[in-house]
Undergrad: 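This is the structure, below, for whatever I ask next.
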Amino acid sequence: MALPKDITLYDYHGTKVADPFRYMEDPTDPQTKAWSQIQTRVTREYLDSIPARAKIKKSLTQLWNYPKTKLPKRVAGKYFFQRNTGLESQAAVYMQEDLDSEPRVILDPNTFSSDGTIALTTLSFSKDGRFLAYARSESGSDWQEIHVLDIAAGSSLPDAIRWCKFTSIPWLPDGSGFFYTRFPEPGSVPPEDAVNFSKVYLHRLGTDQSEDELIFHRPDYKEMGFTPQVTEDGEYLVLEVWVGTEPENRIYYRKLAEDGPFVRLLDESDAMYRLIGNVGSIFYFHTTKEAPNGRIIAIDLEKPEPKNWQEIIAQSCAVIEQVTMVGQKLAVLYVQDAFSSIHLFELDGTSAETIALPGLGTVSGISGKPMDEELFFTFTSYLHPTSVYHYDLSREKLRVFAEPRLDFNADDYETKQVFYESKDGTKVPMFITCRKDIKLDGKNPTLLYGYGGFGISMTPVFDVSNLIWLEAGGIYAVACLRGGNEYGESWHRKGMLENKQNVFDDFISAAEWLIASNYTNTQKLAIMGRSNGGLLTAACMVQRPDLYGAVVSVVPVIDMLRYHRFTAGRYWIGEYGNAEASAEHFRFLYAYSPLHNIRFGTVYPPVLILTAESDDRVVPMHSKKFAATLQAAAGGSNPIYLYVEDKAGHGAGKPTTKLIDAAADMFAFLWDQLGCQ
């Protein structure tokens with residue numbers, strides 16, 4: 001289907017820029033819809049024709065069928081957690097009376113829809129454990145609707161809260177209601193303000209949302225967002241105040257029993273501040289203020305001036321990832337060289353003990369409360385499925401709470417960490433997982449994955465779908481690029497805004513190192529990334545089309561000149577910049593924007609672009625414009641496939657059947673394009 005092109009040139013600070021497929025930004029455009037349907041049909045026919053796909057899907061389904069347990073929480077003496085028993089569409093919520101009793105289901109999202117496309121996104125229990133407020137989303141959308149379950153009665157309340165995104169749900173201490181944040185009702189503001197004008201409300205059980213009490217908003221600063229939190233002692237309502245994904249934030253608070261103005265405790269937006277907990281008027285914070293690797297400070301609300309701040313735990317060479325106040329101690333999760341460790345400290349900063357982990361890997365969460373004498377954490381690595389551990393602080397005893405078993409012999413494989421040089425000489429870590437007996441003959445199918453942005457670390461995590469690749473003799477490599485948090489906020493800043501090209505250089509250098517070290521060759525090397533990682537793979541493909549045998553770009557950010565105009569895009573301005581508002585930002589965004597650096601007649605590697613019709617975070621127009629431009633410009637005969645999934649979003653909450661199908665599609669594509677056996 002031949003597509004028309006818009007010949008209009010758009011002025012960016014004196015530079016004329018073509019945007020021939022701008023009309024694709026309108027999801028209702030008839031030409032775009034028809035073209036998109038054809039693209040999806042052609043891609044579906046191709047993927048289904050690959051002989052290996054059926055076998056891949058069968059093996060994936062068998063491997064996927066194991067119990068997956070999320071981090072438990074202790075509430076009113078009982079334990080609550082989510083678990084998927086194997087191939088259920090969604091994980092159900094369980095309650096367990098004690099550590100050794102049999103758990104029972106209290107909420108099953110698999111009953112919400114026949115196809116499993118309604119997912120739980122946030123869970124919040126009242127302090128007495130009677131009520132569960134939960135947010136759910138449909139078809140992968142970021143929009144949430146809050147409902148309430150009476151756990152004791154086993155029935156849902158009529159309460160329903162709409163127009164929420166990314167909200168927390170902290171309860172009043174007596175369980176009579178909860179706080180939440182919401183955005184304007186659709187249609188009440190222009191489309192570009194749909195995720196502006198955030199407001200904090202108090203909802204009381206048994207009332208209609210229209211009766212909810214407005215607690216706080218900043219109409220003078222419409223981009224501000226708020227995350228409410230009630231301190232564990234029930235004395236304070238705290239607001240974490242943020243603007244997009246910028247690492248700097250503010251902290252406001254007031255006494256919960258009062259209704260006066262909020263005290264702007266930290267209002268300079270000069271660093272990251274995360275409230276850990278409090279002891280009376282002493283508030284403990286994890287912060288990057290004067291510490292890019294993080295430190296812990298205590299602020300007395302009676303004398304909050306910076307000169308009175310007390311440093312509890314100083315910055316070190318390891319990065320503080322998370323801090324939990326539990327058992328009147330501070331459980332500090334560190335990351336060093338992309339590996340996790342947990343250390344316990346007294347509230348005065350005195351070192352208490354170190355929790356021995358099962359191995360080198362990632363602790364992805366810690367849960368516990370100030371008065372608890374126990375904590376839970378999850379542990380995972382590339383060859384170790386996510387397991388849940390319980391630690392008794394009083395006895396310093398570690399035990400397994402949930403550890404899955406798979407039909408996979410991990411002993412035949414290994415993960416090693418290497419350090420390679422990027423273009424500017426920076427040392428970058430990379431994890432390589434493969435069979436122990438792999439031959440470095442330069443002929444191995446290799447999949448290189450990366451992200452490189454938003455301060456998100458690429459530490460070792462288990463993905464069951466990668467086992468298919470490993471069992472077939474493939475190599476799986478993950479590069480810990482600048483833009484992440486592996487080495488703190490300074491590492492993040494070296495990969496954002498005007499430094500974004502460093503991320504692409506790091507990834508390209510990783511690919512070159514794998515080839516030079518005889519792991520693989522150009523024809524056998526594939527790259528993959530999703531979201532910001534989709535931007536990564538697209539930019540690297542455009543910059544070095546000669547380097548890869550195949551490319552998979554999932555829900556990618558592609559149009560860097562206009563991304564901020566759509567849905568959640570404006571949140572990322574602090575990370576990427578704004579080409580319309582700043583000539584300097586335009587200069588570096590235009591220099592790497594994948595959409596604007598496609599060159600006519602260039603032979604690009606085979607590429608599979610995956611997006612979803614309900615993705616309201618990275619809207620499908622990015623993928624559509626990218627595919628259309630590549631198909632119009634690319635030389636040679638390498639295929640450029642676009643697949644638009646229905647009833648799916650950015651990825652969160654996707655039911656198991658869709659996860660398996662998507663993984664089967666990606667690996668079938670790689671099998672076919674790299675000539676895997």
Side-chain angles (χ1 to χ4, degrees), residues 24-27 119 121-122 135-145 162-168 180-186 188-199 221-227 240-249 451-456 483 496-497 500 529-536 538 553-581 585 589 593-595 610-626 644-645 648-654:
M24 287 188 167
E25 295 173 356
D26 177 7
T121 57
T122 305
R136 63 190 221 180
S137 69
E138 295 188 27
S139 300
S141 172
D142 282 336
W143 287 108
Q144 301 167 302
E145 186 169 292
R162 295 180 290 169
W163 310 307
C164 300
K165 274 191 181 187
F166 319 119
T167 187
S168 59
Y180 67 95
T181 54
R182 53 156 286 194
F183 292 100
E185 184 175 351
S188 65
V189 295
E192 61 269 22
D193 282 328
V195 288
N196 285 326
F197 298 109
S198 175
K199 297 179 181 180
Y221 198 153
K222 67 179 183 179
E223 293 85 7
M224 270 190 174
F226 312 100
T227 302
E240 181 183 323
V241 184
W242 44 269
V243 177
T245 57
E246 295 177 22
E248 300 81 13
N249 66 300
Y451 189 80
F454 297 94
I456 296 174
M496 61 184 282
L497 294 171
K500 189 67 176 178
R530 56 175 299 112
S531 194
N532 174 74
L535 162 64
L536 168 74
S553 191
V554 187
V555 290
V557 188
I558 296 293
D559 186 343
M560 301 311 297
L561 303 188
R562 290 175 60 78
Y563 75 89
H564 59 285
R565 286 179 165 266
F566 304 92
T567 58
R570 67 96 172 163
Y571 289 141
W572 317 326
I573 290 174
E575 181 80 11
Y576 294 141
N578 186 331
E580 293 181 324
H585 288 188
L589 285 165
S593 176
L595 185 68
L610 301 173
T611 186
E613 65 175 12
S614 299
D615 192 340
D616 49 12
R617 191 175 306 182
V618 180
V619 292
M621 76 89 180
H622 287 279
S623 295
K624 294 175 183 179
K625 290 173 77 172
F626 189 45
V644 183
E645 188 176 8
H650 199 61
K654 184 178 287 190

Undergrad: Sequence neighbours left out, what passes salt bridge (charged side-chain N to carboxylate O under 4.0 Å, His left out) with E613? Give chain and number order.
TA: none

Undergrad: Return the CD to CZ distance between E192 and R565, rounded to the nearest 0.5 Å.
TA: 8.5 Å

Undergrad: Are side-chain heavy atoms of F183 and V189 found at a separation under 4.5 Å?
TA: no

Undergrad: How far apart are the closest heavy atoms of C164 and Y180, and which atoms are they?
TA: SG-CD1, 3.8 Å

Undergrad: Looking at residues at least two apart in the chain, or sitting in another chain, which of them share a side chain to side chain contact (heavy atoms under 4.5 Å, CB included) with D26?
TA: T28, D29

Undergrad: Checking side-chain polar atoms at under 3.5 Å, does H650 have a donor or acceptor matched by the opposite partner on S531?
TA: yes

Undergrad: Show the numbers, then the answer: is there a side chain to side chain contact (heavy atoms under 4.5 Å, CB included) between M560 and L535?
TA: CA-CA 9 Å; M560 301 311 297; L535 162 64; 3.9 Å; yes

Undergrad: Could you tell me which residues satisfy salt bridge (charged side-chain N to carboxylate O under 4.0 Å, His left out) with D615, sequence neighbours excluded, listed by chain and number?
TA: none

Undergrad: Taking side chain to side chain donor-acceptor pair (under 3.5 Å) as the test, write out the residues that go with S593, two or more places apart.
TA: H596

Undergrad: Write down the atom of A579, the atom of L589, and the distance for their closest heavy-atom approach.
TA: N-CD1, 3.6 Å

Undergrad: Mind checking what makes side chain to side chain donor-acceptor pair (under 3.5 Å) contact with R162, not counting sequence neighbours?
TA: none

Undergrad: Run the ring pair (Phe, Tyr, Trp, His ring centres under 6.0 Å) test against H564 and tell me which residues pass, sequence neighbours left out.
TA: none

Undergrad: List for me each residue that meets ring pair (Phe, Tyr, Trp, His ring centres under 6.0 Å) alongside Y576, sequence neighbours excluded, and say none if there are none.
TA: F454, Y563

Undergrad: Working to the nearest 0.5 Å, report the span between CD of E575 and CD of E246.
TA: 9.5 Å

Undergrad: Give the minimum heavy-atom separation between T121 and R136, together with the two atoms involved.
TA: OG1-N, 4.0 Å

Undergrad: So, for P594 and F626, which heavy atoms are closest and what is the spacing to 0.1 Å?
TA: CB-CE1, 4.2 Å

Undergrad: So for atom CD, which belongs to E223, do other residues, nucleotides or ligands contribute more than 12 heavy atoms lying within a distance under 6.0 Å?
TA: yes

Undergrad: Has R570 got a side-chain atom pairing as donor or acceptor with V195's backbone, closer than 3.5 angstrom?
TA: yes

Undergrad: For T122, check side chain to side chain donor-acceptor pair (under 3.5 Å) against everything at least two apart and list the hits.
TA: Q144

Undergrad: Applying the side chain to side chain contact (heavy atoms under 4.5 Å, CB included) criterion to K624, which one of V644, I558, V619 satisfies it?
TA: V644

Undergrad: W242: what forms a ring pair (Phe, Tyr, Trp, His ring centres under 6.0 Å) with it, not counting sequence neighbours?
TA: Y571

Undergrad: Where do K500 and N532 come nearest, in terms of heavy atoms and distance?
TA: NZ-OD1, 3.1 Å

Undergrad: For L610 and P556, which heavy atoms make the closest approach, and how far apart are they?
TA: O-CD, 3.9 Å

Undergrad: With a 3.5 Å cut-off and no angle check, do the side chains of T181 and T167 form a donor-acceptor pair?
TA: yes

Undergrad: Could you pull out all residues at least two apart from R562 that satisfy side chain to side chain donor-acceptor pair (under 3.5 Å)?
TA: E25

Undergrad: Within the side chain of S553, is there an N or O that forms a donor-acceptor pair under 3.5 Å with the backbone of G534?
TA: yes

Undergrad: Determine, stepwise, if the pair W572 / R617 fulfils side chain to side chain contact (heavy atoms under 4.5 Å, CB included).
TA: CA-CA 11 Å; W572 317 326; R617 191 175 306 182; 3.9 Å; yes

Undergrad: Kindly write out the residues that satisfy salt bridge (charged side-chain N to carboxylate O under 4.0 Å, His left out) with D616, not counting sequence neighbours, or none if the list is empty.
TA: none

Undergrad: For F226, which residues count as a ring pair (Phe, Tyr, Trp, His ring centres under 6.0 Å) partner, sequence neighbours excluded?
TA: F216

